[in-house]
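Here the structure comes first, spelled out in structure tokens, and everything after it is commentary.
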Number of protein chains: 2
Amino acid sequence: MTTTTRGRIDKRQAILEGAFTVFAREGYAQACVQEIAREAGVAKPTVYNHMTDKATLFRHALEAAARRILEERVAALEPLAAPGDDLRATLEEVAHTLLRLHTDGRSCALRRLLYSEINHFPDILDIVKESGPDRLTHALADRLARLALAGRLRAADPDLAAEQFLALLLGPLEARTRLGTRELPDAELRTMAGVAVDAFVRAWGTAAA
Amino acid sequence: MTTTTRGRIDKRQAILEGAFTVFAREGYAQACVQEIAREAGVAKPTVYNHMTDKATLFRHALEAAARRILEERVAALEPLAAPGDDLRATLEEVAHTLLRLHTDGRSCALRRLLYSEINHFPDILDIVKESGPDRLTHALADRLARLALAGRLRAADPDLAAEQFLALLLGPLEARTRLGTRELPDAELRTMAGVAVDAFVRAWGTAAA
DNA sequence: CCTCTTTTGAACTCATGGGTTCAACATAAT
DNA sequence: ATTATGTTGAACCCATGAGTTCAAAAGAGG
């Protein structure tokens, strides 16, 4: 019975992953359940055996993908918990990691799906909400607040600082990656992280940093 | 013959506008030509009399909408051509106008359509390219370069300055408008313009400004 | 060997929608 | 009036795809 359950869980996972892949490639309306089943290595009725609808399949697939992506992003802030003497270097490291994660194929796909289906599925925003920029911004604001207390950043609104840090870092991505359709070489990511941190430190740094 | 031609042009315009409206509301795949025709106040065969395909209809509709939107945005930079004594005030005015334009329904719709159909229509990015952030960034960079020459901004890379100005200004929009699905009160737009300009001036300003 | 659950493939129903055809109609120019 | 062009509505053909049904396998537990 254990193996049976495992088997079921495996199928479910495969279905969710295959669904995300196909939805990402085709969009919601164009994706057909037949193809999702094929991608997941499963028969079509099996899909309907786990999910009632194409719509709920979509929601669950998005949720699963968003959860994975969220974990990576928040983990990327870790170095800020114990920044070394060189704050700028730590910021650049975090910035670079965030850029890499943000330009990842799955991230771009999720982003595109959110934008395209937000009209037909207004609730997906809430499903993904916590995983979206919000939780990342809050986690970053927490880190920055500690730095401000230590006198290494301006003591003003850390939420605003976090928002602007992410804006400086991620804003230019849209144009440079052509809405997420182009890969960026790692060297360019480093440069982008550098200039973003430069501007951020000029706007939010203190002499002590 | 003149009136006949005018009539044809009017129908064509109506079709393009109706198409954009429906595509924006439904997405490409979900939008049906029947409904576009209804929205444009026209019969279905008339649509096919002007456009060969649903696909080319989509492209033309996007192009027309993008052109309109572009004009507004570049025009919004006008005050920077002759900035008054108070550079910060001029920047805030421009910033506020850009925010208003960027949160406009048509702008958001265009943005969503780009994101959602970029996979099926890789060429729409080129069609809209000039109208996209690129041309705006360049136009802004030109203005900022003049200001730098006048000693009112850092003399470093004006393209980077423009990129970061727009990032600081527009980056926070995504989260605040919930991907363009929520209206923002004008007061919030003013506040956002203010804090973005503050940070920008701290990062790029000179004593002379 | 028997049983219960799950999976599978194939065929099926049914709705939607792209694109076309056609005959009737409107309009304006000659 | 006649002719040419454009529009219209309705009906039509045809492909696609969601969701279901079913009988046959496949696998685990007893």
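Quick note on labels: first sequence line is chain A, next is B, and so on, each numbered from 1. Note that these values count all heavy atoms, side chains included, but never hydrogens, waters or copies made by symmetry.
- Tyr48(A) meets the side-chain contact (heavy atoms from CB on, under 4.5 Å) test with Val33(A), Lys44(A); sequence neighbours excluded.
- Pairs passing the salt bridge (Lys or Arg N to Asp or Glu O under 4.0 Å) check and including a residue from residues 138-148 of chain A, sequence neighbours excluded, read Glu78(A)-Arg143(A).
- Atom pair Met51(B):CE and dT20(C):P shows a separation of 15 Å (rounding to whole Å applied).
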**Item:** Pairing annotation in dot-bracket form, given for DNA chain D with Watson-Crick or G-U pairs under 3.5 Å and | for cross-strand partners
**Value:** ||||||||||||||||||||||||||||.|
Pairs under 3.5 angstrom, nitrogen or oxygen only, protein versus nucleotides 23-26 of chain D, please.
none

**Request:** Mark up nucleotides 9-14 of chain C, 5' to 3', with B wherever a protein heavy atom is under 4.0 angstrom from a base atom, S wherever such an atom reaches only the sugar-phosphate, and - elsewhere.
**Result:** BB----
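- Put simply, OH on Tyr48(B) is 18 Å from P on dC22(C), counting in whole angstrom units.
- One atom, CZ of Arg12(B), and another, C1' of dT7(D), lie 16 Å apart when rounded to the nearest Å.
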Which atom pairs, donor and acceptor, lie under 3.5 Å between side-chain atoms of residues 159-176 of chain B and protein residues at least two apart or in another chain?
unit_1, atom_1, unit_2, atom_2, d
Glu163(B), OE1, Arg176(A), NH2, 3.0
Glu163(B), OE2, Arg176(A), NE, 3.0
Glu163(B), OE2, Arg176(A), NH2, 3.1
Gln164(B), OE1, Trp204(B), NE1, 3.2
Gln164(B), NE2, Val195(A), O, 3.3
Glu174(B), OE1, Arg111(A), NH2, 3.0
Glu174(B), OE1, Tyr115(A), OH, 3.0
Glu174(B), OE2, Arg111(A), NH2, 3.1
Arg176(B), NE, Glu163(A), OE2, 3.0
Arg176(B), NH1, Glu188(B), OE2, 3.3
Arg176(B), NH2, Glu163(A), OE1, 3.0
Arg176(B), NH2, Glu163(A), OE2, 3.1

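- Residue pairs meeting the side-chain hydrogen bond (donor to acceptor under 3.5 Å, both in side chains) criterion with at least one member in residues 189-201 of chain B, sequence neighbours excluded, are Arg88(B)-Asp198(B).
- Per the geometry, NE2 belonging to His50(A) stands 12 Å off C1' belonging to dT8(C), to the nearest Å.
- Counting only residues at least two apart or in different chains, side-chain hydrogen bond (donor to acceptor under 3.5 Å, both in side chains) contacts with residues 94-110 of chain B comprise Arg73(B)-Ser107(B), His96(B)-Asp186(B).
- Nearest heavy-atom pair, Val42(B) versus Val47(B), reported as atom, atom and distance to 0.1 Å: CG1-CG2, 4.0 Å.
- Residues Gly84(B) and Arg152(B) come closest through the heavy atom pair O-NH2, 3.0 Å.
- Listed by residue number, Ala31(A), Cys32(A), Val33(A) are the residues of residues 14-38 of chain A with a heavy-atom contact under 4.0 Å to DNA chain D.
- Arg154(A) is linked by a salt bridge (charged side-chain N to carboxylate O under 4.0 Å, His left out) to nothing, counting only residues two or more places apart in sequence or in another chain.
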**Message:** Could you walk me through whether Asp126(B) and Arg178(A) satisfy the salt bridge (Lys or Arg N to Asp or Glu O under 4.0 Å) test, starting with their C-alpha distance in whole Å, then the side-chain angles of each, then the deciding distance to 0.1 Å, before giving a yes or no?
**Reply:** CA-CA 10 Å; Asp126(B) 299 308; Arg178(A) 299 173 57 105; 3.3 Å; yes
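- With sequence neighbours excluded, the residues that form a side-chain contact (heavy atoms from CB on, under 4.5 Å) with Pro158(B) are Ala145(B).
- Applying the salt bridge (Lys or Arg N to Asp or Glu O under 4.0 Å) test to residues at least two apart or on different chains, the pairs with a partner in residues 19-29 of chain B are Arg25(B)-Glu35(B), Arg25(B)-Glu39(B).
- Protein atom CG of Asn49(B) is 13 Å distant from nucleotide atom C1' of dG19(C), rounded to whole Å.
- Classification of the Phe23(A)-Tyr28(A) ring pair by plane angle, with boundaries at 30° and 60°, yields parallel.
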**Request:** Go through Arg59(B) and Asp123(B) one step at a time and tell me if the salt bridge (Lys or Arg N to Asp or Glu O under 4.0 Å) criterion holds.
**Result:** CA-CA 9 Å; Arg59(B) 278 182 249 262; Asp123(B) 55 305; 2.6 Å; yes
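- Side chain of Lys11(B), nearest nucleotide from dT8(C), dG19(D), dT7(D): dT7(D).
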